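To keep things clear, I will list the structure first and then write my remarks on it.
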Amino acid sequence: MPRATHPTAGTAPLDLVLVAVGRGDSAAFVELYDAVAPRVHGLALRVLRDPHQAEEVTQEVLLELWRSGSRYDPARGSALAWTMTVAHRRAVDRVRSSEAGRRRDATWDDRSTERSPDDAFEVAHSNEKARTVRGALASLTPVQREAIELAYYGGRTHAEVAQLMCAPLGTTKTRIRDGLARLRDRLAVPVAEPA
(Lines give C-alpha, C1' and ligand atoms only; values in the text may rest on other atoms or scores of the structure.)
Protein backbone atom coordinates (compact mmCIF):
# COMPACT_ATOMS: atom_id res chain seq x y z
CA MET A 1 0.00 0.00 0.00
CA PRO A 2 1.22 3.54 -0.62
CA ARG A 3 2.38 5.47 2.43
CA ALA A 4 -0.34 8.10 2.16
CA THR A 5 -3.13 5.54 2.58
CA HIS A 6 -1.50 3.37 5.24
CA PRO A 7 -0.04 5.58 7.97
CA THR A 8 2.25 2.95 9.48
CA ALA A 9 3.83 1.62 6.27
CA GLY A 10 7.56 2.35 6.22
CA THR A 11 7.47 4.41 9.40
CA ALA A 12 10.18 4.47 12.04
CA PRO A 13 9.46 3.01 15.49
CA LEU A 14 9.15 6.50 17.01
CA ASP A 15 6.54 7.35 14.37
CA LEU A 16 4.49 4.34 15.48
CA VAL A 17 4.88 5.35 19.11
CA LEU A 18 3.55 8.86 18.39
CA VAL A 19 0.62 7.39 16.45
CA ALA A 20 -0.17 5.25 19.51
CA VAL A 21 0.10 8.35 21.75
CA GLY A 22 -2.41 10.01 19.45
CA ARG A 23 -4.81 7.16 20.24
CA GLY A 24 -4.39 7.80 23.99
CA ASP A 25 -1.91 4.99 24.77
CA SER A 26 -0.23 6.06 28.04
CA ALA A 27 2.47 3.37 27.81
CA ALA A 28 3.41 4.73 24.39
CA PHE A 29 3.59 8.21 25.90
CA VAL A 30 6.12 7.00 28.48
CA GLU A 31 8.21 5.59 25.65
CA LEU A 32 7.87 8.82 23.64
CA TYR A 33 8.79 10.89 26.69
CA ASP A 34 11.97 8.86 27.29
CA ALA A 35 12.93 9.15 23.62
CA VAL A 36 12.34 12.86 22.99
CA ALA A 37 12.46 14.72 26.33
CA PRO A 38 16.27 15.17 26.35
CA ARG A 39 16.27 16.48 22.77
CA VAL A 40 13.32 18.80 23.39
CA HIS A 41 15.01 20.14 26.52
CA GLY A 42 18.29 20.67 24.65
CA LEU A 43 16.57 22.62 21.90
CA ALA A 44 14.61 24.71 24.39
CA LEU A 45 17.79 25.45 26.33
CA ARG A 46 19.61 26.56 23.17
CA VAL A 47 16.77 28.90 22.21
CA LEU A 48 15.94 30.26 25.68
CA ARG A 49 19.35 30.13 27.43
CA ASP A 50 17.52 29.79 30.74
CA PRO A 51 17.40 26.33 32.36
CA HIS A 52 14.18 27.02 34.28
CA GLN A 53 12.28 28.29 31.26
CA ALA A 54 13.70 25.43 29.16
CA GLU A 55 12.29 22.94 31.69
CA GLU A 56 8.89 24.63 31.56
CA VAL A 57 8.86 24.62 27.76
CA THR A 58 9.88 20.95 27.73
CA GLN A 59 6.92 20.11 29.96
CA GLU A 60 4.58 22.20 27.80
CA VAL A 61 5.78 20.48 24.61
CA LEU A 62 5.36 17.00 26.04
CA LEU A 63 1.91 17.89 27.31
CA GLU A 64 1.05 19.21 23.85
CA LEU A 65 2.28 15.94 22.29
CA TRP A 66 -0.03 14.01 24.62
CA ARG A 67 -2.99 16.27 23.89
CA SER A 68 -2.50 16.72 20.16
CA GLY A 69 -0.69 13.54 19.15
CA SER A 70 -3.72 12.54 17.09
CA ARG A 71 -2.87 15.36 14.64
CA TYR A 72 0.46 13.73 13.79
CA ASP A 73 0.55 12.22 10.30
CA PRO A 74 3.53 9.93 9.57
CA ALA A 75 3.03 10.49 5.84
CA ARG A 76 4.00 14.15 6.27
CA GLY A 77 7.25 13.65 8.21
CA SER A 78 8.98 11.88 11.04
CA ALA A 79 7.76 11.97 14.62
CA LEU A 80 11.07 13.47 15.73
CA ALA A 81 10.88 16.28 13.16
CA TRP A 82 7.26 17.02 14.15
CA THR A 83 8.19 17.00 17.84
CA MET A 84 11.18 19.29 17.35
CA THR A 85 9.07 21.69 15.27
CA VAL A 86 6.53 21.88 18.11
CA ALA A 87 9.39 22.42 20.58
CA HIS A 88 11.03 25.13 18.51
CA ARG A 89 7.75 27.02 18.04
CA ARG A 90 6.98 26.80 21.75
CA ALA A 91 10.48 28.03 22.72
CA VAL A 92 10.28 30.94 20.26
CA ASP A 93 6.82 31.84 21.59
CA ARG A 94 8.32 31.91 25.10
CA VAL A 95 11.15 34.20 23.97
CA ARG A 96 8.64 36.56 22.34
CA SER A 97 6.43 36.52 25.42
CA SER A 98 9.38 37.25 27.71
CA GLU A 99 10.56 40.09 25.48
CA ALA A 100 7.06 41.58 25.39
CA GLY A 101 6.92 41.40 29.19
CA ARG A 102 10.27 43.14 29.50
CA ARG A 103 9.17 45.89 27.11
CA ARG A 104 5.92 46.35 29.07
CA ASP A 105 7.85 46.54 32.34
CA ALA A 106 10.32 49.05 30.89
CA THR A 107 7.48 51.18 29.53
CA TRP A 108 5.70 51.05 32.87
CA ASP A 109 8.89 52.04 34.72
CA ASP A 110 9.43 54.94 32.30
CA ARG A 111 5.86 56.16 32.71
CA SER A 112 5.78 55.77 36.48
CA THR A 113 8.97 57.79 36.97
CA GLU A 114 7.72 60.57 34.68
CA ARG A 115 4.49 61.13 36.63
CA SER A 116 4.25 63.66 39.35
CA PRO A 117 2.18 62.71 42.41
CA ASP A 118 0.50 66.14 42.15
CA ASP A 119 -0.95 65.41 38.72
CA ALA A 120 -4.45 64.58 39.98
CA PHE A 121 -6.14 65.45 36.68
CA GLU A 122 -4.10 62.89 34.76
CA VAL A 123 -4.81 60.20 37.35
CA ALA A 124 -8.55 60.95 37.27
CA HIS A 125 -8.55 60.94 33.46
CA SER A 126 -6.67 57.64 33.44
CA ASN A 127 -9.21 56.12 35.86
CA GLU A 128 -12.07 57.28 33.63
CA LYS A 129 -10.39 55.67 30.59
CA ALA A 130 -10.00 52.42 32.56
CA ARG A 131 -13.73 52.42 33.44
CA THR A 132 -14.59 53.01 29.77
CA VAL A 133 -12.36 50.14 28.64
CA ARG A 134 -13.82 47.80 31.29
CA GLY A 135 -17.31 48.69 30.07
CA ALA A 136 -16.31 48.00 26.47
CA LEU A 137 -14.77 44.67 27.48
CA ALA A 138 -18.02 43.73 29.19
CA SER A 139 -19.81 44.17 25.85
CA LEU A 140 -17.75 41.39 24.20
CA THR A 141 -18.78 37.76 24.04
CA PRO A 142 -17.28 35.71 26.90
CA VAL A 143 -14.82 33.90 24.59
CA GLN A 144 -13.68 37.16 22.94
CA ARG A 145 -13.19 38.80 26.34
CA GLU A 146 -11.26 35.82 27.72
CA ALA A 147 -9.01 35.63 24.65
CA ILE A 148 -8.22 39.36 24.77
CA GLU A 149 -7.62 39.35 28.52
CA LEU A 150 -5.25 36.36 28.24
CA ALA A 151 -3.36 37.95 25.34
CA TYR A 152 -3.18 41.57 26.42
CA TYR A 153 -3.53 41.53 30.19
CA GLY A 154 -1.92 38.13 30.67
CA GLY A 155 0.90 38.73 28.18
CA ARG A 156 0.37 35.40 26.44
CA THR A 157 1.02 34.60 22.81
CA HIS A 158 -1.84 33.61 20.52
CA ALA A 159 -0.62 30.00 20.67
CA GLU A 160 -0.67 30.03 24.47
CA VAL A 161 -4.16 31.56 24.47
CA ALA A 162 -5.34 28.86 22.05
CA GLN A 163 -3.96 26.14 24.30
CA LEU A 164 -5.44 27.63 27.46
CA MET A 165 -8.84 27.99 25.79
CA CYS A 166 -8.61 24.52 24.17
CA ALA A 167 -9.35 26.07 20.78
CA PRO A 168 -7.59 25.95 17.41
CA LEU A 169 -5.04 28.73 16.82
CA GLY A 170 -7.01 30.15 13.86
CA THR A 171 -10.20 30.34 15.91
CA THR A 172 -8.34 32.06 18.73
CA LYS A 173 -6.83 34.64 16.38
CA THR A 174 -10.28 35.32 14.92
CA ARG A 175 -11.77 35.79 18.39
CA ILE A 176 -9.04 38.25 19.30
CA ARG A 177 -9.29 40.13 15.99
CA ASP A 178 -13.10 40.35 16.13
CA GLY A 179 -13.03 41.35 19.79
CA LEU A 180 -10.50 44.10 19.10
CA ALA A 181 -12.60 45.37 16.20
CA ARG A 182 -15.64 45.46 18.46
CA LEU A 183 -13.66 47.29 21.14
CA ARG A 184 -12.38 49.79 18.59
CA ASP A 185 -15.93 50.50 17.45
CA ARG A 186 -17.16 50.76 21.03
CA LEU A 187 -14.33 53.04 22.14
CA ALA A 188 -14.34 55.27 19.05
CA VAL A 189 -14.52 58.93 19.95
CA PRO A 190 -17.32 60.65 18.04
CA VAL A 191 -16.07 63.38 15.75
CA ALA A 192 -17.85 66.72 16.10
CA GLU A 193 -19.33 68.09 12.91
CA PRO A 194 -17.75 71.36 11.75
CA ALA A 195 -19.90 74.45 12.37
Side-chain angles (χ1 to χ4, degrees), residues 1-48 50-101 140-152 154-180:
M1 283 187 166
R3 187 173 187 175
T5 58
H6 190 274
T8 59
T11 57
L14 192 57
D15 297 349
L16 299 174
V17 170
L18 187 51
V19 168
V21 168
R23 289 191 293 251
D25 184 338
S26 58
F29 180 72
V30 170
E31 188 177 341
L32 178 71
Y33 184 98
D34 291 341
V36 300
R39 290 181 182 195
V40 169
H41 184 260
L43 174 67
L45 191 56
R46 281 192 304 277
V47 172
L48 294 163
D50 178 340
H52 298 293
Q53 286 197 28
E55 288 173 7
E56 289 177 8
V57 166
T58 300
Q59 289 177 357
E60 291 170 6
V61 168
L62 290 162
L63 182 60
E64 186 172 339
L65 293 177
W66 173 251
R67 289 181 176 165
S68 64
S70 60
R71 293 192 315 224
Y72 169 65
D73 179 5
R76 297 183 69 194
S78 74
L80 185 58
W82 191 70
T83 299
M84 298 308 280
T85 300
V86 170
H88 186 262
R89 286 180 182 159
R90 185 59 65 120
V92 169
D93 283 348
R94 178 63 67 99
V95 168
R96 289 178 180 153
S97 178
S98 295
E99 287 300 315
L140 300 178
T141 66
V143 291
Q144 287 174 335
R145 184 174 49 254
E146 182 181 4
I148 288 174
E149 287 174 348
L150 286 170
Y152 292 95
R156 292 186 166 80
T157 64
H158 288 173
E160 290 170 333
V161 173
Q163 182 182 7
L164 288 169
M165 294 184 71
C166 298
L169 181 58
T171 301
T172 301
K173 287 181 178 181
T174 300
R175 287 173 178 168
I176 292 172
R177 185 192 67 233
D178 292 349
L180 290 174

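We count residues from 1, following the sequence as given. Everything numeric here is computed off the predicted structure, so don't read it as measured data.
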Report, one line per pair, each donor and acceptor closer than 3.5 Å where one atom sits in a side chain of residues 168-178; sequence neighbours left out.
from   : atom 1 : to     : atom 2 : distance (Å)
Thr172 : OG1    : Pro168 : O      : 3.0
Thr174 : OG1    : Gly170 : O      : 3.0

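- Sequence neighbours left out, not one pair with a member in residues 27-41 passes salt bridge (charged side-chain N to carboxylate O under 4.0 Å, His left out).
- A search for side-chain contact (heavy atoms from CB on, under 4.5 Å) contacts involving Ser97 returns Thr157, Glu160, not counting sequence neighbours.
- Leu150 approaches Met165 most closely through the heavy-atom pair CD1-CG, 3.9 Å.
- Using a distance-only test at 3.5 Å, with no hydrogens or angles considered, no donor-acceptor pair links the side chain of Asp15 to the main chain of Ser78.
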Would Ile148 and Val161 count as a side-chain contact (heavy atoms from CB on, under 4.5 Å) here? Give the steps. CA-CA 9 Å; Ile148 288 174; Val161 173; over 6 Å; no

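- The aromatic rings of Phe29 and Trp66 stand perpendicular to each other, their planes meeting at an angle above 60°, with 30° marking the opposite boundary.
- Taken to the nearest 0.5 Å, the OG atom of Ser98 stands 7.0 Å off from the CG atom of Leu48.
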Determine, step by step, whether Val21 and Leu18 satisfy the side-chain contact (heavy atoms from CB on, under 4.5 Å) criterion, reporting the C-alpha distance in whole Å, the side-chain angles of both residues, the deciding distance to 0.1 Å, and the verdict. CA-CA 5 Å; Val21 168; Leu18 187 51; 4.2 Å; yes

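- Among residues two or more places apart in sequence or in another chain, the side-chain contact (heavy atoms from CB on, under 4.5 Å) test is passed with Arg96 by Val92, Asp93.
- Residues Val40 and Val86 are not in side-chain contact: their nearest non-hydrogen atoms beyond the backbone lie 4.5 Å or more apart.
- We find the NE2-CD distance between His158 and Gln163 to be 15.0 Å, quoted to the nearest 0.5 Å.
- Screening residues 54-65 for side chain to side chain donor-acceptor pair (under 3.5 Å) gives Glu56-Arg94, Glu60-Arg90, Glu60-Arg94, Glu64-Arg90 as the qualifying pairs, with residues at least two apart or on separate chains.
- Residues that satisfy the side-chain contact (heavy atoms from CB on, under 4.5 Å) test with Thr141, not counting sequence neighbours, are Val143, Gln144, Arg182.
- When all heavy atoms of Ala87 and Val57 are compared, the closest pair comes out as O-CG1, 4.4 Å.
- Applying the ring pair (Phe, Tyr, Trp, His ring centres under 6.0 Å) criterion to Tyr33, with sequence neighbours excluded, gives no partner residue.
- Contact record, Ala44 with Ala91: CA-CB, 4.3 Å, taken as the closest heavy-atom pair.
- When every heavy atom of Ala35 is checked against every heavy atom of Leu14, the shortest pair comes out as CB-CD1, 3.9 Å.
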Decide side-chain contact (heavy atoms from CB on, under 4.5 Å) for Leu65 and Trp82; before the verdict, give the C-alpha distance in whole Å, the side-chain angles of both, and the deciding distance to 0.1 Å. CA-CA 10 Å; Leu65 293 177; Trp82 191 70; 3.5 Å; yes

